[in-house]
Protein chains: 2
Amino acid sequence: MRQQVAKLAGVSEATVSRVLNGVGPVKEETKQRVLAAAAELGYVPSALAQRFARKKSGNLGVVLPYVPKVPLFSTYYFSEMLGGIGEEAQAQGYDLLMLFRKPEQPRDYTALFQAHKVDALIILGARDTALDRGALEELERSGHPFCVLNQRYAARGNEPPFMTVDADHWSGSRAAVRHLVDIGCSRIVFINGPAQYSNSLDRRAGYDRVLAESGLELREELVLAGNYSRTSGYALTDQLEALIRAGDADAIFAANDRMAIGAMQGLRERGLEAGRDYALCGYDDADAARMASPQLTSVTVPFHEMGQIAARRLLQQDGEPKISAASTILPVQLVIRESSRSRQ
Amino acid sequence: MRQQVAKLAGVSEATVSRVLNGVGPVKEETKQRVLAAAAELGYVPSALAQRFARKKSGNLGVVLPYVPKVPLFSTYYFSEMLGGIGEEAQAQGYDLLMLFRKPEQPRDYTALFQAHKVDALIILGARDTALDRGALEELERSGHPFCVLNQRYAARGNEPPFMTVDADHWSGSRAAVRHLVDIGCSRIVFINGPAQYSNSLDRRAGYDRVLAESGLELREELVLAGNYSRTSGYALTDQLEALIRAGDADAIFAANDRMAIGAMQGLRERGLEAGRDYALCGYDDADAARMASPQLTSVTVPFHEMGQIAARRLLQQDGEPKISAASTILPVQLVIRESSRSRQ
DNA sequence: TTGTACGCGTTATCAG
DNA sequence: CTGATAACGCGTACAA
């Protein structure tokens, strides 16, 4: 109890509060007395009472998507982003509250603010679906500070877009495909993920662009659909093998490393090796890229930094959490490894 | 404001509270009126005030270790455990608070309780060091409910051990080594992790045991030290190659998948293939085990369930969070894959 | 079955 | 510089 401290230090409770919060003018001697008394009594202010009095939860909420069967956390980039978010939140004196989204039961984000559970929100794994977009639009209208990570939404009508932190996947994709072209490939298969992710659209746009720039024909039968899981890449083995053996494909660009590895495994079972029989490039540069054999050419995305920036923009120390729809796009970088050795 | 709801429903604030909390006898008709009023006004109780009044934070804290350079989240098992913890916490109506431990600056866990930031604590990545043990012993003395995951501590003196949820790594290790013996290996290298983790000790004990049971000589030069990272396994390439080429080793058992994969990659560069030139077994059955080529024989650990159980034991609905030093040990299972094909 | 009244431990405002 | 004191929004005896 703060009262005890006040009595022991021979001051009022108000003064104890001032000392402990470093606010207002306090005589140095008084301050020392209070500090000593607090230390002696082992006084720890109740965060519950503080937050109640300040009407601020002190929490930064992080919404995680529900992905059945796939342990979402293991998806590398979630982990990385969380690390960045956590680092920044801690630096700003906020606690990190994890919020698991229920399957197809989109959380009522606004209620989280109304209940004062969070002061700001970062949303991971959002997709461009009616459900997700609707939830975000409502949140936007409510005027609460939030940020969408690794996903962008086109401005619709005169509605301003949401605050977003994303990476430049269009450029990343172009760098990857250009690299494949540079080493002599001309029939490049593209394995993409679901279109609800802006990530997928960006990568596709980059792929199309480089093909056009290089005077290569865009053949729709070279564009395959996966869902970002390893098995979805593996499931394409038949098609990929046929394309390669028929001479219709000499390279594969997968929208993430897991699909790339799945494809690589499937093709290996058929006697086709990445870096020898075809060039292979993944995306994300997850640790799996280095674990693969041959190690995977990939595109490094600054997930950690993205998380950090999102948190920083939300938690700006200059007073209240910021609300601003500006969208930040971070650069990515191609990393060339064994899976795309230049063709002799 | 609750007041508005009360007025609109024509009842007192206390009744509103009773209805919303489903406590005490309330006439059905009154209840409906209150619910309708609350819905109409879009009333959401302030979690801040509730928690303050109840003197409970409603938070389950999860302490994550700080591992420099290594993005801790990506370490598969953390992710899995977090998933399990989160699932159970949500089911019990608790929020998940993430707490990042600062490097070598062990958090003052007790203060988290004194500040009412958490009602219970789960600690991940704890080691058996003076620092960690000391912090836990203090927490134990303070009488607050907490649980250590995937790490055990020997009872010291008459101090009771901490509440723990672990997996049976001794048996897992025995199953792995026995499998290697069964397929005809007799010179089994063991790559272990740091001794501060009970995991490492358990695996070592299992290794020793099977060697003894099988009448195989325990040769200390076959026991190598890594640190659970891929690179630490890779760094042993020289020694491993020498042992295998000299006929002093025909199998490798690594204490986790990452080290196994690192070793596998190093040896591949020297022309030695797992499943052909030597048998290889990892541990954890991370997704990396399936991503590797050849796919890795490994030991599946129910990390998700471990997290779930820890949370459940802490959050038992029968009133207050439980304090009990009982230690739960979950079974693990060997999964045989290509990296340890039987030797012809 | 419902209303009244109080307390929870801080912060913050306003005098002194 | 420091001390009273009023909120803060809810839960919960206790009384009716």
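So that the names make sense, note that chain A is the first sequence line, chain B the second, and so on, each numbered from 1.
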Is [X] close enough to [N] that one of its side-chain N or O atoms is under 4.0 Å from OP1 or OP2 there?
X        : N       : result
Tyr43(A) : dT10(C) : yes
Thr15(B) : dG3(C)  : yes
Gln50(B) : dC10(D) : no
Ser46(B) : dG9(D)  : no
Ser17(B) : dG11(D) : yes

Side chains of Thr328(A) and Arg313(A): donor-acceptor distance under 3.5 Å anywhere?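 Note: Thr328(A) and Arg313(A) side chains meet the donor-acceptor criterion.
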Is there a donor in the side chain of Thr110(B) and an acceptor in the side chain of Glu138(B), or the other way round, less than 3.5 Å apart?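 Yes, because at least one side-chain N or O of Thr110(B) sits under 3.5 Å from a partner of the opposite role on Glu138(B).
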Starting at atom [atom1] of [X], determine the distance to atom [atom2] of [N], rounded to an integer number of angstrom.
X         : N      : atom1 : atom2 : value
Phe52(B)  : dA7(D) : CZ    : P     : 16 Å
Lys7(B)   : dG3(C) : NZ    : P     : 15 Å
Gln114(B) : dG9(C) : CD    : P     : 14 Å
Lys31(A)  : dT2(D) : NZ    : P     : 12 Å
Leu48(B)  : dG9(C) : CG    : P     : 16 Å
Lys56(B)  : dG9(C) : NZ    : C1'   : 18 Å
Arg54(B)  : dC8(C) : CZ    : P     : 17 Å
Arg18(B)  : dG3(C) : CZ    : C1'   : 7 Å

Indicate yes or no for a side-chain donor-acceptor contact from Gln50(A) to the backbone of Pro45(A) under 3.5 Å, with no hydrogens or angles considered.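 Judged by distance alone, no pair lies under 3.5 Å.
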From the options dT2(D), dC10(D), dT4(C), select the nucleotide whose nearest atom is closest to the side chain of Ser12(B).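 Taking heavy atoms from C-beta onward, the closest nucleotide is dT4(C).
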Which listed nucleotide (dT1(C), dG3(C), dC10(D)) is nearest to the side chain of Val11(B)?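 Nearest to the side chain of Val11(B) among the choices is dG3(C).
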So, taking the atom named OH in Tyr197(B) and the one named OG1 in Thr129(B), what distance separates them when rounded to the nearest 0.5 Å?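 Between Tyr197(B) OH and Thr129(B) OG1, I get 9.0 Å after rounding to 0.5 Å.
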Say you draw a straight line from NZ of Lys55(B) to CG of Leu48(A); how long is it, rounded to the nearest 0.5 Å?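 It comes to 10.0 Å.
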Of Asn21(A) and Thr30(B), whose nearest nucleotide on DNA chain C comes first from the 5' end?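 Nearest-nucleotide comparison on DNA chain C picks Thr30(B).
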When we call it a touch if two heavy atoms are under 4.0 Å apart, what does [X] touch: a base, just sugar-phosphate, or nothing?
X        : result
Glu13(A) : base
Arg2(B)  : base
Val23(A) : nothing

Donor/acceptor link under 3.5 angstrom from Arg51(B) side chain onto base of dG11(D):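 A donor-acceptor contact between them is absent.
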Taking the side chain as everything from C-beta on, heavy atoms only, tell me whether Asp119(B) gets closer than 4.5 Å to Leu314(B).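 Of all side-chain heavy-atom pairs linking Leu314(B) with Asp119(B), none is under 4.5 Å.
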Kindly indicate whether the side chain of Phe78(A), heavy atoms from C-beta on, has any atom under 4.5 Å from the side chain of Pro65(A).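 Yes; the side chains approach each other to less than 4.5 Å.
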How about Gln3(B): does its CD atom have over 12 heavy atoms from other parts shown lying under 6.0 Å from it?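 No, the 6.0 Å shell around CD holds no more than 12 heavy atoms from other groups.
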To the nearest 10 degrees, how far apart in direction are the end axes of the helix from dT1(C)-dA16(D) to dG16(C)-dC1(D), each fit to five base pairs?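 Result, rounded to 10 degrees: 30°.
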